[in-house]
Amino acid sequence: GLVDLHDDPNRLRTPVRRTERGFEPIGWDEAIALAARELGRVRDAHGVDAVALYRGNPTVHDAQSILYWNVLQRALPTKNQYSAGSLDTWPRFVQAGLMYGGFLNTPVPDVDRTHYFLMFGANPLASHGSLMTAPGMRKRLDALRARGGRLVVVDPRRTETADRADEHVAVRPGGDAALALAMVHVLFDEGLVRLGRAADHVRDLDAVRAIAARYVPERVSTACGVDADTIRRLARELAAAPSAVAYGRMGTCVQPFGTLACWAIDLLDVLTGNLDREGGVMFPNPAVNLGFAVRTKDGSPPYGRWKSRVGGHDEIQGEFPMAAFAEEIETEGEGQVRALAIIAGNPVVSAPNAERIDRALERLEFMVAFDYYVNETTRHADLILPPTPPLAHDTYDVALLHFAVRDVAKWSPAAVEPELSLRPAWRVLLDLSKQLMGLGQLTTEQVDAVVVRQFAELALPTSRFANDVTVDEAVAALGDEPGPRRAIDLLLRLGVWGDGFGRVPDGLTLAKLEVSEHGIDLGPLAPRLPDAIRTATGTIPLAPERITADLPRLDRWLDEAHGDDRVWLIGRRDVRSMNSWLHNLPSLAKGRPRCTLQVSPKDAERFGLRDGGLAELTARVGRLV
Ligand SMILES: Nc1nc2c(c(=O)[nH]1)N[C@H]1C(S)=C(S)[C@@H](COP(=O)(O)OP(=O)(O)OC[C@H]3O[C@@H](n4cnc5c(=O)[nH]c(N)nc54)[C@H](O)[C@@H]3O)O[C@H]1N2
Ligand SMILES: Nc1nc2c(c(=O)[nH]1)N[C@H]1C(S)=C(S)[C@@H](COP(=O)(O)OP(=O)(O)OC[C@H]3O[C@@H](n4cnc5c(=O)[nH]c(N)nc54)[C@H](O)[C@@H]3O)O[C@H]1N2
Ligand SMILES: [Mo]
């Protein structure tokens with residue numbers, strides 16, 4: 001599909017400005033000056049919190065966007081920061097932060113060596129993996145079964161992945177926390193708890209035992225839609241397997257009990273001795289580690305340090321959840337959001353209650369979007385600044401390799417030249433930041449030299465070379481060429497696999513990666529306890545209070561009647577679309593219509609629905625046919 005994207009006539013190839021006649025091309029210098037003037041005006045008149053920033057999912061795949069959005073974030077240090085995180089992984093990151101001491105310290109399934117894979121709320125045959133990053137997921141899961149292993153998928157829907165598994169457990173939406181806690185109950189009840197390598201590194205096991213005592217399989221069975229015998233059998237199978245993985249993803253995060261579910265699933269790994277063992281879940285050791293960027297000075301996870309103005313939502317890693325977004329724009333008063341800069345995001349499709357967001361965006365005094373397309377969201381922008389297309393710039397995956405099933409490093413060079421009418425995204429972000437910081441008199445090169453020095457100052461203290469390399473030495477060795485290459489080289493060389501600027505002669509450098517056409521395989525995941533634990537105590541709290549405080553809400557849910565009168569709507573991912581986009585590319589959009597509702601046969605009968613017919617669905621915030 002990348003070629004279709006490259007050739008798409010609708011892809012923007014110049015900056016455009018909204019006028020009464022529609023979007024019209026505008027020059028780069030003029031566009032950047034306009035954005036700086038308007039964002040600066042709102043900030044100066046109403047304070048920096050009046051400017052909101054949204055960073056969308058595709059930045060995760062583009063190192064320059066992540067690194068240089070960070071520069072804009074420093075130029076506009078607003079509390080109104082948003083991203084796709086709360087539509088996706090925040091429950092997992094918060095839970096990993098509280099248990100392992102870092103949002104990125106999430107254990108990853110050792111899919112290639114495990115004997116038993118219990119997968120909650122993930123559909124890698126459509127998604128390719130997510131917080132279990134690897135190509136060829138279908139082959140890897142087939143190989144697991146071919147070597148005698150077992151794949152069990154816990155998902156309300158019989159997905160493509162469930163269809164290829166040994167067993168599909170059709171949990172009710174939101175039932176995972178209760179289901180996994182009942183499995184924990186069985187582990188204690190039947191004497192199956194074996195901590196393995198984690199034994200010396202965990203605390204509060206008694207607290208977990210006391211909590212689990214309450215979740216008898218018979219108690220949760222109706223609510224989560226899984227019978228008690230199955231719950232007991234799954235717990236026994238997990239404990240008996242030579243090695244096993246319990247893994248949860250989107251479906252366990254974006255649901256009513258996300259953080260509890262992520263926690264309970266990790267307990268299954270810990271209590272069966274599968275944390276930090278081959279074939280269990282392990283902590284990757286990425287060549288570029290951004291852990292330094294998501295850590296607070298005192299080692300506590302960046303979570304709940306302040307609250308949003310209107311709804312009182314907790315801050316998470318410097319951001320608010322998207323639940324706060326529209327209300328912060330709509331609600332008058334000091335700190336009301338009046339301007340927005342958004343990169344690679346389309347919340348008018350991808351966030352809940354999108355119609356409200358659609359209306360809210362109309363109230364903004366100024367909006368600048370970084371995107372290839374005029375879409376449902378960017379149509380509200382005063383200015384759209386398009387990036388170069390993916391085939392036309394180099395990249396290194398600085399994000400998802402934190403979750404890869406093997407440690408690998410790969411530099412992907414540009415395949416073609418970008419159109420002359422485009423500018424690299426990093427340069428545009430840097431020039432805008434420069435003007436907002438009042439450094440307009442400096443050249444891009446001068447400002448980038450400051451940026452790379454700041455990256456060095458941030459990354460060095462947590463580097464294995466912290467005591468050997470100095471900031472001056474590192475910066476001098478990186479050369480004068482501005483841009484993300486330099487920052488990536490820096491992070492590679494300071495990383496665990498890096499050359500430490502000559503200290504480890506055969507260690508990684510960007511130059512070394514550039515001549516490795518197919519990347520470098522650094523090997524399978526390896527045990528990393530206790531080194532991977534970054535909590536203040538150096539141990540893993542098994543029952544963090546900020547997670548267990550939510551148990552009474554789960555108890556209320558369990559005690560409610562779970563009759564058949566309610567219908568639960570869940571999302572569905574398709575292998576040929578990407579969140580809100582890619583619908584403009586013929587090779588990906590062709591074929592049968594995919595915007596369909598799937599319904600369980602029982603519900604279909606109850607509501608008199610016919611296969612292929614029309615259904616009308618009404619919810620609190622909208623209606624669909
Ligand atoms: N309906 C629906 N909603 C969803 C999801 C879904 O599958 N369906 N998935 C959920 C999940 S898991 C997530 S992470 C969020 C993501 O939701 P968003 O953060 O909104 O991200 P996307 O929808 O992936 O892409 C948004 C925009 O990024 C632009 N873009 C792509 N690549 C680049 C680039 O390199 N640079 C720039 N500047 N722009 C680029 C695309 O043109 C597109 O308009 O959505 C969540 N909500
Ligand atoms: N082709 C393609 N690939 C993608 C994307 C894409 O849009 N298209 N998006 C990318 C992104 S941003 C992400 S975050 C990843 C996501 O990667 P995954 O998490 O693997 O993908 P999903 O398909 O969202 O899987 C979530 C599953 O959870 C189920 N589910 C819903 N509610 C519940 C529940 O309460 N309990 C349980 N147990 N299951 C539930 C759904 O039926 C669904 O099958 O995929 C990435 N890869
Ligand atoms: Mo996502």
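These numbers were taken from a predicted model, which means no experiment stands behind them. Remember, it's 1-based here, ligands and their atoms both numbered in the order they're listed.
For the pair Val575 and ligand 2, the shortest N or O to N or O distance falls below 3.5 Å. For ligand 2, the polar-atom distance check against Phe120 finds no nitrogen or oxygen pair separated by under 3.5 Å. Below 3.5 Å of separation, one finds an N or O of Gly174 facing an N or O of ligand 2. Between Asn346 and ligand 1, at least one N/O pair is under 3.5 Å apart. Inclusion of Ser577 in the set of residues having an N or O under 3.5 Å from an N or O of ligand 2 is warranted. For the pair Asp88 and ligand 1, the shortest N or O to N or O distance does not fall below 3.5 Å. Considering backbone and side-chain N/O of Asp574, one or more are found under 3.5 Å from N/O of ligand 2. Considering backbone and side-chain N/O of Arg172, none are found under 3.5 Å from N/O of ligand 2. Note: an N/O pair closer than 3.5 Å links Ser127 and ligand 2 by distance alone. Looking at Pro58 next to ligand 1, no N or O pair under 3.5 Å apart turns up. In terms of polar-atom proximity, defined here as any N/O pair under 3.5 Å, Asn123 does make such a contact with ligand 2. Where the criterion is an N or O separation shorter than 3.5 Å, residue side chain and backbone included, Ser65 fails it with respect to ligand 1.
Interface of Thr159 with ligand 2, defined as ligand atoms under 4.0 Å from a residue heavy atom, comprises 44 (O). The Ala126 neighbourhood of ligand 2 comprises atoms 1 (N), 2 (C), 3 (N), with distances under 4.0 Å to a heavy atom of that residue. Below 4.0 Å from some heavy atom of Gly345 lie the following atoms of ligand 1, by number and element: 20 (O), 26 (C), 27 (C), 28 (O). Near Met250, with a cut-off below 4.0 Å to any heavy atom, the atoms of ligand 2 are 16 (C), 19 (O), 24 (O), 26 (C). Atoms of ligand 2 found under 4.0 Å from any heavy atom of Asp176 (numbered from 1 in listed order, with element): 34 (C), 35 (O), 36 (N), 37 (C), 38 (N). Ligand 2 places these atoms under 4.0 Å from at least one heavy atom of Arg249: 14 (S), 19 (O). Taking every non-hydrogen atom of Ile343 and a distance limit under 4.0 Å, the qualifying atoms of ligand 1 come out as 38 (N). Atoms of ligand 1 lying under 4.0 Å from at least one heavy atom of Phe370, given by number and element, are 37 (C), 38 (N), 39 (N).
Ranking protein heavy atoms by distance to atom 34 (C) of ligand 1, first place goes to Tyr372 OH, 3.4 Å. The single protein non-hydrogen atom nearest to atom 36 (N) of ligand 1 is Pro387 CG, 3.5 Å, given as residue, atom name and distance. Nearest to atom 44 (O) of ligand 1 among the protein's heavy atoms is Asn375 ND2, 2.7 Å. The shortest contact between atom 1 (N) of ligand 1 and any protein heavy atom is with Val349 O, 3.9 Å. Of the protein's non-hydrogen atoms, Ser350 O, 2.7 Å is the one closest to atom 47 (N) of ligand 1. Summary of contacts: the protein heavy atom closest to atom 24 (O) of ligand 1 is Asn579 ND2, 3.1 Å.
Between Asp559 and Arg219 there is a salt bridge, since a side-chain N of the basic residue sits under 4.0 Å from a carboxylate O of the acidic one. Arg11 has no carboxylate O lying under 4.0 Å from a charged side-chain N of Asp4, or vice versa, which leaves the two without a salt bridge. A salt bridge links Asp266 to Arg92: one of the charged nitrogens lies within less than 4.0 Å of a carboxylate oxygen. With respect to Asp397 and Lys410, no salt bridge is recorded, no charged nitrogen being found less than 4.0 Å from a carboxylate O.
In Tyr54, the part holding a heavy atom less than 4.0 Å from any atom of ligand 1 is the side chain. Contacts with ligand 2 closer than 4.0 Å are made by no heavy atom of Ala84, backbone or side chain. In Asn57, the parts holding a heavy atom less than 4.0 Å from any atom of ligand 1 are both the side chain and the backbone. Contacts with ligand 2 closer than 4.0 Å are made by no heavy atom of Val254, backbone or side chain.
Within 6.0 Å of CD in Gln598 there are more than 12 heavy atoms belonging to other residues, nucleotides or ligands. Other residues, nucleotides and ligands contribute only 12 or fewer heavy atoms inside 6.0 Å of the CD atom of Glu355. Heavy-atom neighbours of Arg157 CZ from other residues, nucleotides or ligands within 6.0 Å: above the threshold of 12.
Judged by distance alone, the side chains of Arg573 and Thr159 never bring a donor and an acceptor atom under 3.5 Å apart.
Under a 4.0 angstrom heavy-atom cut-off, Thr161 registers as lying outside contact with ligand 2.
Evaluation of the ring-ring contact (aromatic ring centres under 6.0 Å, His included) test over residues 248-268, restricted to residues two or more places apart or in two chains, returns Phe257-Trp557.
For Arg138, the salt bridge (Lys or Arg N to Asp or Glu O under 4.0 Å) criterion is met by no residue, not counting sequence neighbours.
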